Amino acid sequence: MMDLWCVHAKSNRFMLRNSFSDKPIYWSSRNQSMSLEFRVSKAESLPTHCRHRSVLIEAVSKKNPGNSSGSDSNSSSSNSGNNDRLKGNNPPPGSNKSGDPSPQKSQRKPLDWREFRASLYIQEQAEDAESTHNQDRASPVSKSLPLKWAHPISAPENGCLLIATEKLDGVRTFERTVVLLLRSGTKNPQEGPFGVVVNRPLHKKMKHMNPTNIELATTFADCSLYFGGPLDASMFLLRAEGTTGLPGFEEVIPGVYFGSRNSLDEASALVKNGILRPKDFRFFMGYAGWQLDQLIDEIESDYWYVAACSANLIAGLSQNSSSEDLWEEILQLMGGHYSELSRKPKQDI
């Protein structure tokens, strides 16, 4: 049984959707470790030919002493000092091994695939910036994943953001908006992409709307309302960090789920049972929707930037956030020309 020890990725250009193949590079009986090589390829069409770019990912793992026996016992014992620090062999939080005076470090939550992709992107951006400023630097740059992050992606996906470009300045409905895409949709006209605008608070509470639904009038009376889009339907987001799934709700990004009027009873039950609080919910009046081809055309026409972001940028929004705060913050986190756009004044149209 092997425990993942470290992963290192390096390429000349960041790539998102690829095919993987793997092969072992070596097995070391001396330190009970194995190195694997993953080569990721992506076809790139050029005017005269087609070529492939590739990125090399090296993964190194060490043998878990808890799964060894027989002839491996001596090797496991000799390496117990190192292996105790590997995943699956850490003592309970707060405890300390005898002979090790240093305090135990808190374990970090494993990265999900979005965070892993973001870490690769941020690492590459750091390496590119370093190589630009210091051509003679030979050692790789180490850049950890920040608490808040956002980066551009090539195509819409569930849980991505659509950030309005300057071409939508003057279009009141979508000017400087950030849309959380709840579903990226299919070519079926009945299953197009849809989402909600997340940075347009209405500065009203549910009770101010005199709702006829008993749950909205009682359990969620003090919940904040947001403008979600021009189409006529109401939706809500709920924040449930640390959960592995909520029946009746669809997870958009880690810890953030969405529901509709049909799932209000389930939402109310979560509050009444003490699982969630009313302030964990955000209600939207209206939503934004497209046909798939329509959204792709708008993106290719530079009406929207497409980005992935950390869950806390969405889950941590407050009612007092202005229309432009999140728009500016995400563009700045994306860096480069996106950051420059965030500082430009609105175009008068």
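Since we're looking at a predicted model, the values are computed, not measured.
Met235 has its side chain within reach of Phe194: a pair of non-hydrogen atoms, C-beta onward, lies under 4.5 Å apart. A heavy-atom distance below 4.5 Å is not found between the side chains of Pro230 and Tyr287. Side-chain contact between Val178 and Ile330 is present, with at least one heavy-atom pair separated by less than 4.5 Å. Between Leu341 and Glu166, some side-chain heavy-atom pair lies under the 4.5 Å cut-off. Between Asp325 and Glu329, the closest side-chain pair of non-hydrogen atoms is not below 4.5 Å. Counting only heavy atoms from C-beta outward, the side chains of Leu162 and Glu298 never approach each other to under 4.5 Å. Side chains of Leu292 and Pro193 form a contact here, defined as non-hydrogen atoms less than 4.5 Å apart. Using a 4.5 Å heavy-atom cutoff, the side chains of Pro146 and Ile122 are in contact.
Using modelled atom types, one side-chain atom of Lys167 and one backbone atom of Ser301 make a donor-acceptor pair closer than 3.5 Å. Formation of a donor-acceptor pair under 3.5 Å by the Glu300 side chain with backbone atoms of Asp297 is not found in this model. With hydrogens and angles disregarded, a donor-acceptor distance shorter than 3.5 Å links the side chain of Asp280 to the backbone of Arg277. Between the Thr218 side chain and the Ile214 main chain, a donor and an acceptor come within less than 3.5 Å of each other. For Gln291 (side chain) and Leu295 (main-chain N/O), no donor-acceptor pair under 3.5 Å exists by modelled atom type. Without hydrogens or angle criteria, Ser339 side chain to Gly336 main chain gives no donor-acceptor distance under 3.5 Å. In this structure a side-chain-to-backbone donor-acceptor pair under 3.5 Å is missing from Glu215 to Asp265. Of the possible polar contacts, one joining the Asn312 side chain to the Leu147 backbone as a donor-acceptor pair under 3.5 Å is found. Looking at Asn158, its side chain never comes within 3.5 Å of a backbone N or O of Gly185 through a donor-acceptor pair.
Between Trp304 and Phe174, the gap from one ring centroid to the other is short of 6.0 Å. The distance between the ring centers of Tyr338 and Tyr305 falls below 6.0 angstrom.
Pairing each heavy atom of Cys160 with each of Val306, the nearest pair is SG-CG1, 3.9 Å. Here the shortest heavy-atom pairing between Leu246 and Ala240 reads CD1-CB, 3.8 Å. Listed here is the closest heavy atom pair of Leu313 and Lys148: CD2-CD, 3.7 Å. The minimum heavy-atom distance linking Trp327 with Ala164 is given by the pair NE1-O, 2.8 Å. The two atoms that bring Pro254 and Ala311 nearest to each other are O-CB, 3.4 Å, heavy atoms only. Taking all atoms of both residues into account, the shortest heavy-atom contact from Gly159 to Val252 is CA-CG1, 3.4 Å.
Here Lys346 contributes atom NZ and Glu175 contributes atom CD; the two are 4.0 Å apart, rounded to the nearest 0.5 Å. In this structure, CG in Leu238 is found 11.0 Å from CD1 in Ile275, a value given to the nearest 0.5 Å. Separating the NZ atom in Lys344 from the NE2 atom in His337 is a distance of 10.5 Å, to the nearest 0.5 Å. We find the NE2-CE distance between His208 and Met206 to be 11.5 Å, quoted to the nearest 0.5 Å. One distance of note links OG of Ser119 with CG of Leu145; it measures 6.0 Å at 0.5 Å rounding. Summarising the geometry, atom OG1 belonging to Thr173 is positioned 10.0 Å from atom CG belonging to Leu168; distances are rounded to the nearest 0.5 Å.
Judged by the 6.0 Å and 45° rule, Arg282 forms a cation-pi pair with Tyr226.
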Item to complete: Could you please spell out the steps behind the side chain to side chain contact (heavy atoms under 4.5 Å, CB included) verdict for Ile163 and Met334?
Response: CA-CA 11 Å; Ile163 302 103; Met334 291 169 69; 4.2 Å; yes

Discussion item. Determine whether Arg114 and Ile253 satisfy the following criterion, side chain to side chain contact (heavy atoms under 4.5 Å, CB included), listing intermediate values before the conclusion.
Written reply: CA-CA 9 Å; Arg114 289 180 178 86; Ile253 52 179; 4.2 Å; yes

Worksheet entry | Pair Glu340-Leu331, side chain to side chain contact (heavy atoms under 4.5 Å, CB included): steps then yes or no | CA-CA 8 Å; Glu340 296 174 5; Leu331 288 173; over 6 Å; no

Item to complete: Please assess Phe220 against Lys207 for the test side chain to side chain contact (heavy atoms under 4.5 Å, CB included), listing each intermediate value before the final yes or no.
Response: CA-CA 8 Å; Phe220 301 111; Lys207 61 187 177 184; over 6 Å; no

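In summary, the side chains of Gln332 and Glu328 do not present any donor paired with an acceptor at a separation below 3.5 Å, with no hydrogens or angles considered. Between the side chains of Glu157 and Ser184, no donor-acceptor pair of N or O atoms lies under 3.5 Å. Between the side chains of Thr165 and Asp302, no donor-acceptor pair of N or O atoms lies under 3.5 Å.
Considering Val196, Leu202, Asp232 as possible partners of Met285, the one that fulfils the side chain to side chain contact (heavy atoms under 4.5 Å, CB included) test is Leu202. For the side chain to side chain contact (heavy atoms under 4.5 Å, CB included) criterion with Phe281, the lone passing option out of Leu276, Leu237, Thr219 is Leu276.
Ring geometry for Phe236 versus Phe283: interplanar angle of 30 to 60°, hence tilted.
A single hydrophobic cluster is not seen to contain both Ile296 and Ile153; linkage of ILVMFWY side chains at heavy-atom distances under 4.5 Å, directly or through other members, places them apart. Residues Leu225 and Val271 share a single hydrophobic cluster, defined by chaining ILVMFWY side chains whose heavy atoms lie under 4.5 Å apart. One hydrophobic cluster holds both Val198 and Leu231 under the rule that ILVMFWY side chains link at heavy-atom gaps under 4.5 Å.
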